[in-house]
Amino acid sequence: LRVILGVVIAATAPAAASAWTFTQSGAGKEGHQAVLARHGGVYNDPDLADYLTALGQRLAAETDAPPEEWEFTLLDSSDIAAFARPGGYIYVTRGLMAFASSEAGLATVLAHQMAHALKDHFDDNTRPSNVPDRGLAPGALLDGLIGGTNEVSSPPPTARVTGERPVFTREMEVAAAAEGVRILADAGYPAHLAVSFADRLLDFDELSRKLNGRSEVDLFGRTSADKIATVQEIGKVAEAFPRPIIDVDYSGPYLSVIEGLTYGESPTQGFLRDQSFIHPALRFTFELPEGFSAEISAAEVAARGPNGALMVLDTTNEAGDRLESYIRDKWAPSLTRSVNAGYLFDLTSRTIGGFEAASAFQPYDVADGAKVAQLVVIRTVRRVYRFRAIASAEAFDVSLLMEEAIDSFQEIPVAVAARYKPYWIQIHEVRQGDSLNILTAAMPFREGAEEFFRALNNYPDRAVPMVGDRIKI
């Protein structure tokens, strides 16, 4: 069992009554499986899970809810994220653990999310967090992943039902920042380390927007302004706590803990290699159009292109015997229930990659103009896949690129699927002669390798690794 810097968490006396109401506990328990389905499931590393729980319980000992009333889960997701759910359910992604360079940094985020739970910052009517507009009706995507919804009559699901991260107002984030720093400091961590890690997250948020066109940090708020306000509050509150006289090494032991952690995409969610999406577990591949960037999750692959173009791949378990009927009678109606839609046209049966398929086009109007969605369903031996390719009604060239991408869908042999392996965190001690160029060459990025290396290892500005430094590559 990995321990936290040699600290043993003492058992606490059982509380006389639960810190959570019956409603809070029920809501957290009800949504737990949906969270796992939506965010990649539990990351399979019992030692890391034990480490996360021990760290969470150390922080919990400084709250009004005893350690045994919290549930800490490590998700198999590359997102840099953590979130709370009602009843003491706290979720952390492996992407966050990979980005953090010290235990104090991870504890900062954990304490912040625990503060949300303690303050009961939850509202089922709040729109799920970090979910960009998918085109047509949002939320009609997950029937094959969370148990099968009625695509025609079900209302758009809430965060509680789908397992989405809840969204908090700026006021809630600022309040959680103040309480989180207090919890962190009371647990023995220097408060100023919360500020430095929060600043790192802000910097990486800006970097990911510059290189990928989107934020890869889902923490401290939904917008850049929210995140800045939250981090400023962390800095203001941290000033009230004195710095320790003796510095504790929270980094070295932590790096040993995360060595071998999967970095980036998971084999169970699929890999993006250049412009090819490959899913080795389900044994299929397709080519993304040039100029498109993809977001991969357990629920879907969403690729965004020029002028708001969007292509989404997910699955369904409600296709029935006839794919054309499924598009006409179930899928299209569920997608257009909240928009001004025209008539479905060019509904046809076809073959894609040797598999039975059907496709149609759905025009609709939204605030930024007329759109056309191509809806495609493909039935393989293993499951039924759905593509939505959405573009402006005038963007025929982009629509054609997405149609060609969908037509590239094909099965891959077992031997080919076996070639694709995930990246993982390796801890390297810098040696004489290890230049910045040599070290960044080990990073799996075509663009921005040095910037990602600096962000991942906390080397700001012109700082360079020194001999003896332990770094992540």
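The chain is numbered in sequence order, starting from 1.
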Report the residue from I378, I406, I352, L313 that forms a side chain to side chain contact (heavy atoms under 4.5 Å, CB included) with F286.
L313

Go through the side-chain N and O atoms of E173 and H121 and say whether any donor and acceptor fall under 3.5 Å apart.
no

Taking atom types as modelled, is there a side-chain donor on R379 or Y326 under 3.5 Å from an acceptor on the other?
no

More than 12 non-hydrogen atoms from neighbouring residues, nucleotides or ligands closer than 6.0 Å to CZ on R382, yes or no?
yes

So, R328 side chain and P333 main chain: donor-acceptor pair closer than 3.5 Å or not?
no

Taking the side chain as everything from C-beta on, heavy atoms only, tell me whether M311 gets closer than 4.5 Å to F387.
yes

Side chains of I471 and L439, heavy atoms from C-beta outward: is any pair under 4.5 Å?
yes

Please tell me if the side chains of I258 and Y263 come closer than 4.5 Å, counting only heavy atoms from C-beta onward.
no

Does the side chain of Y385 come within less than 4.5 Å of V376's, by heavy atoms?
no

Would you tell me whether K472 and S101 have side-chain atoms, one donor and one acceptor, within less than 3.5 Å of each other?
yes

Any donor-acceptor N/O pair, T93 side chain to A81 backbone, under 3.5 Å:
yes

Check: S392/E394 side-chain N/O donor and acceptor closer than 3.5 Å:
yes

If we only count heavy atoms from C-beta on, is the Y254 to M97 side-chain gap below 4.5 Å?
yes

Using a cut-off of 6.0 Å, state whether more than 12 heavy atoms not belonging to D368 lie near its atom CG.
yes

Examine distances only and state if a side-chain atom of S102 and a backbone atom of G105 form a donor-acceptor pair shorter than 3.5 Å.
yes

Check whether Y423 forms a cation-pi arrangement with R94 (NZ or CZ under 6.0 Å from the six-membered ring centre, at most 45° off the ring normal).
no

Salt bridge check, K210 against E451: does any charged N sit closer than 4.0 Å to a carboxylate O?
yes

Do F277 and T285 have side-chain heavy atoms sitting under 4.5 Å apart?
no

With K227, which of D218, L219, D205, L201 fulfils side chain to side chain contact (heavy atoms under 4.5 Å, CB included)?
D205

Applying the side chain to side chain contact (heavy atoms under 4.5 Å, CB included) criterion to I90, which one of T73, L110, T53 satisfies it?
L110

Does Y343, at its OH atom, have more than 12 non-hydrogen atoms belonging to other residues, nucleotides or ligands within less than 6.0 Å?
no

Within the 3.5 Å criterion, strictly below it, is a donor on T21 or T23 matched to an acceptor on the partner's side chain?
no

salt_bridge(R304, E295) N-O dist < 4.0 Å
yes

Any luck finding a side-chain donor-acceptor pair between D199 and S196 under 3.5 Å?
no

Does the side chain of E287 come under 3.5 Å of the side chain of S276 through a donor N or O and an acceptor N or O?
yes

Between E233 and K236 (salt bridge meaning N to carboxylate O under 4.0 Å), is one present in this structure?
yes

Contacts of type side-chain hydrogen bond (donor to acceptor under 3.5 Å, both in side chains), residue K119, not counting sequence neighbours:
none

Compute the centroid of each ring, for H39 and then for Y91, and state whether the two points are separated by less than 6.0 Å.
no

Sub-4.5 Å side-chain heavy-atom contact between R283 and T380
no

Side chains of Q269 and H279: donor-acceptor distance under 3.5 Å anywhere?
no

Step through the shown structure and confirm whether more than 12 heavy atoms of other residues, nucleotides or ligands are within 6.0 Å of CZ on F355.
yes

Strictly below 4.0 Å, N to O, side chains only: are R273 and E265 in salt-bridge contact?
yes

NZ or CZ of R200 within 45° of F99 ring axis and under 6.0 Å:
yes

Less than 4.0 angstrom from a charged side-chain N to a carboxylate O is my criterion; do E324 and R350 meet it?
no

V35 side chain near F83 side chain, heavy-atom distance below 4.5 Å
yes

I'd like to know if D314 pairs up with R383 as an ion pair, taking the criterion as any Lys NZ or Arg NE/NH1/NH2 lying under 4.0 Å from an Asp or Glu carboxylate oxygen.
no

Short side-chain to backbone donor-acceptor contact, Q275 and P289, under 3.5 Å:
yes

